[in-house]
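Atoms considered below: every heavy atom in the structure, side chains included; atoms not considered: hydrogens, waters and symmetry mates. Given the structure is predicted, the values throughout are model-derived calculations rather than measurements. Residues: numbered from 1 along the sequence shown.
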Amino acid sequence: MIKIIAVIDGSSYSASVCEHAAWVANRADATIEVIHVLTRRDISSDQANLSGSIGLGARSALLSELAELDAQQARLAQKRGRAILVDAEALISERGVSDVHTRLRNGEIVDTVKDLEDEADLIVMGKRGESANFDTMHLGSNLEKVIRSTHKPVMVASRDFNAPSKLLIAFDGGPSVLKAVAFIAQRPHYNDLPIHLLSVGRDSATERRQLEGAMVTLKDGGFSVTAENLPGNPETVISERVEQEGFDLVIMGAYGHSRIRNLIIGSTTTEMVRSCKVPVILFR
């Protein structure tokens with residue numbers, strides 16, 4: 001049976017993550033496991049450096065108080081985490097998904113996803129986390145780490161949920177996007193959604209054949225498919241096309257180059273996720 005892992009943190013994106021996961025589950029007859037991870041930041045106070053001029057007795061007393069504060073924070077974090085999961089389960093059930101499970105974990109989000117990815121067919125996360133500044137365009141600190149570390153597709157939920165009705169595949173001919181095309185083509189529960197293949201800045205004979213091959217694969221899977229090749233910068237052209245044509249789900253390959261190269265010239269993946277106001281499914 002298909003399984004979706006939805007990772008939530010109590011941020012404003014959590015409801016959207018649940019709704020996106022429920023949308024996929026209802027189409028694919030899938031089960032959902034909702035994960036909330038208690039990180040060190042959630043359960044521990046930042047203990048100051050108590051060395052120096054404070055007397056030994058005073059320092060010991062203060063350390064004892066800080067230890068008790070940590071214990072209280074851990075208990076509160078556990079209660080809050082369970083409450084977040086209860087609300088998530090209720091929301092997903094209201095959307096018609098009957099097979100929903102929840103799990104509260106301690107550790108780091110990236111490690112948790114790695115531990116559980118063998119069980120999953122799709123991972124759903126929010127674009128930004130609980131501590132994100134929504135006045136900036138920065139992504140959540142764990143999102144890129146998860147995308148880079150997992151071999152399963154990751155759906156990055158937008159802040160607000162709208163049921164997708166037309167899909168855009170950002171086609172660059174790389175192994176990741178070919179994997180995405182094959183993945184979608186084998187899932188007839190998306191057949192009613194028209195797909196547009198968009199290639200940007202790739203117009204050689206070889207690249208045109210790749211695009212045509214992707215079209216054939218999707219048509220053989222029962223999809224209505226169109227395709228085009230446009231000049232320009234991929235990040236700019238794709239984002240503009242999504243907004244102008246009303247695409248509400250983008251599918252693309254992720255992080256085809258090394259971190260070092262991305263630091264030097266930037267990452268199409270990061271820019272696309274940042275700039276698109278619709279959910280993005282990423283494949284590595």
Side-chain angles (χ1 to χ4, degrees), residues 1-8 13-37 85 88-105 109-127 143 146-158 161-169 175-195 214 217-225 248-254 273 278-284:
M1 187 175 189
I2 295 172
K3 182 173 181 179
I4 301 163
I5 289 181
V7 183
I8 61 172
Y13 276 89
S14 293
S16 178
V17 168
C18 293
E19 291 188 287
H20 280 87
W23 177 78
V24 176
N26 282 324
R27 282 182 164 269
D29 191 25
T31 180
I32 298 176
E33 182 161 22
V34 187
I35 307 295
H36 179 64
V37 182
L85 291 172
E89 184 176 8
L91 190 157
I92 292 170
S93 297
E94 288 170 4
R95 299 299 181 272
V97 181
S98 58
D99 199 349
V100 187
H101 308 274
T102 62
R103 193 183 301 196
L104 187 65
R105 296 265 302 212
I109 291 173
V110 176
D111 296 334
T112 298
V113 172
K114 284 294 290 179
D115 289 344
L116 301 177
E117 70 170 345
D118 287 344
E119 306 172 10
D121 295 275
L122 177 70
I123 296 160
V124 186
M125 294 182 66
K127 184 183 292 190
L143 181 59
V146 168
I147 295 167
R148 285 188 180 277
S149 67
T150 184
H151 296 288
K152 297 299 175 70
V154 178
M155 172 181 264
V156 183
S158 52
F161 172 74
N162 292 293
S165 60
K166 52 192 298 192
L167 315 183
L168 183 142
I169 298 180
S176 296
V177 78
L178 294 177
K179 179 179 177 182
V181 167
F183 180 93
I184 296 299
Q186 295 166 9
R187 280 151 179 82
H189 41 268
Y190 296 115
N191 276 170
D192 61 313
L193 304 176
I195 294 177
T217 298
L218 290 166
K219 285 181 176 179
D220 288 347
F223 289 86
S224 171
V225 189
D248 34 32
L249 178 61
V250 174
I251 299 167
M252 61 184 290
V273 175
V278 302
V280 180
I281 300 181
L282 299 165
F283 287 78
R284 287 195 66 238

Enquirer: Checking side chain to side chain contact (heavy atoms under 4.5 Å, CB included) for the pair Val34/Glu89: CA distance, chi angles, key distance, verdict?
Expert: CA-CA 8 Å; Val34 187; Glu89 184 176 8; 6.0 Å; no
Enquirer: To the nearest 0.5 Å, tell me how far Asp118 CG sits from His151 NE2.
Expert: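 That separation rounds to 9.5 Å.
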Enquirer: Are side-chain heavy atoms of Ile281 and Leu167 found at a separation under 4.5 Å?
Expert: no
Enquirer: Using every non-hydrogen atom in the two residues, find where Phe223 and Ala185 come nearest and quote the distance to one decimal.
Expert: CE1-CA, 3.9 Å
Enquirer: With sequence neighbours left out, write down each residue that passes salt bridge (Lys or Arg N to Asp or Glu O under 4.0 Å) with Lys3, or none if nothing qualifies.
Expert: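 With neighbours one apart ignored, the set is Glu33, Glu119.
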Enquirer: Check the orientation of Tyr190 and Trp23. Use parallel for under 30°, tilted for 30 to 60°, and perpendicular for over 60°.
Expert: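 Correct class here is tilted.
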Enquirer: Pairs in or reaching into residues 179-193: which pass salt bridge (charged side-chain N to carboxylate O under 4.0 Å, His left out), with residues at least two apart or in two chains?
Expert: Arg27-Asp192
Enquirer: Please give me the minimum heavy-atom distance between His20 and Ala157, naming the atom from each residue.
Expert: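 Closest pair (atom of His20, atom of Ala157, distance): ND1-CB, 3.5 Å.
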Enquirer: Could you grab the distance from atom OG of Ser14 to atom CE of Met125, nearest 0.5 Å is fine?
Expert: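 Output value for this atom pair is 10.5 Å.
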Enquirer: Considering residues at least two apart in sequence or located in another chain, which fulfil the salt bridge (Lys or Arg N to Asp or Glu O under 4.0 Å) criterion with Asp99?
Expert: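 By the salt bridge (Lys or Arg N to Asp or Glu O under 4.0 Å) rule, Asp99 matches no residue at all.
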Enquirer: Enter the distance from Ile92:CD1 to Ser98:OG here, rounded to the nearest 0.5 Å.
Expert: 11.5 Å
Enquirer: Side chain to side chain contact (heavy atoms under 4.5 Å, CB included) for Val273 and Leu143? Distances and angles first, verdict last.
Expert: CA-CA 10 Å; Val273 175; Leu143 181 59; 4.3 Å; yes
Enquirer: In Å and rounded to the nearest 0.5 Å, what is the OG1 to CD1 distance from Thr102 to Ile32?
Expert: 12.0 Å
Enquirer: Quick one: does Ser158's side chain get under 4.5 Å of Val278's, heavy atoms only?
Expert: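 No; the side chains remain at least 4.5 Å from each other.
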Enquirer: Can you list the steps and then say if Asp248 with Lys166 is a side chain to side chain contact (heavy atoms under 4.5 Å, CB included)?
Expert: CA-CA 6 Å; Asp248 34 32; Lys166 52 192 298 192; 4.0 Å; yes
Enquirer: Give a yes or no answer on whether the side chain of His36 reaches the backbone of Leu104 with a donor-acceptor pair at less than 3.5 Å.
Expert: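 Looks like no, no N/O pair under 3.5 Å.
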Enquirer: Between Ile4 and Ala25, which heavy-atom pair has the shortest distance, and what is it?
Expert: CD1-N, 3.6 Å
Enquirer: Kindly compute the distance separating CD1 (Ile35) from CG (Leu85), expressed to the nearest 0.5 Å.
Expert: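 CG of Leu85 is found 8.0 Å from CD1 of Ile35.
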Enquirer: Got a sec, which residues hit side chain to side chain contact (heavy atoms under 4.5 Å, CB included) with Ala90, two or more places apart in sequence or on another chain?
Expert: none
Enquirer: Shortest non-hydrogen contact from Ala21 to Ala6?
Expert: CB-CB, 4.2 Å
Enquirer: Identify, with sequence neighbours excluded, every residue that meets side-chain hydrogen bond (donor to acceptor under 3.5 Å, both in side chains) alongside Glu94.
Expert: none
Enquirer: Taking Thr150 for its side chain and Val146 for its backbone only, find out whether a donor-acceptor pair lies under 3.5 Å.
Expert: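 Checked: no pair found.
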Enquirer: List the atom of Leu91, the atom of Cys18, and the distance in Å for their closest heavy-atom pair.
Expert: CD2-CB, 3.8 Å
Enquirer: In a table with atom names and distances, give each donor-acceptor pair under 3.5 Å that connects a side chain of residues 109-116 to protein atoms at least two apart or in another chain.
Expert:
| residue | atom | partner | partner atom | Å |
| --- | --- | --- | --- | --- |
| Thr112 | OG1 | Glu108 | O | 3.0 |
| Lys114 | NZ | Glu117 | OE2 | 3.3 |
| Lys114 | NZ | Ser149 | O | 3.1 |
| Asp115 | OD2 | Arg105 | NH2 | 2.9 |

Enquirer: Kindly give the heavy-atom pair with the smallest separation between Leu122 and Pro153, and that separation in Å.
Expert: CD1-O, 3.5 Å
Enquirer: With respect to Met155, which candidate in Leu249, Val280, Val17 satisfies the side-chain contact (heavy atoms from CB on, under 4.5 Å) definition?
Expert: Leu249
Enquirer: For a 4.5 angstrom cut-off between non-hydrogen side-chain atoms, does Phe283 reach Ile251?
Expert: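 They are in side-chain contact.
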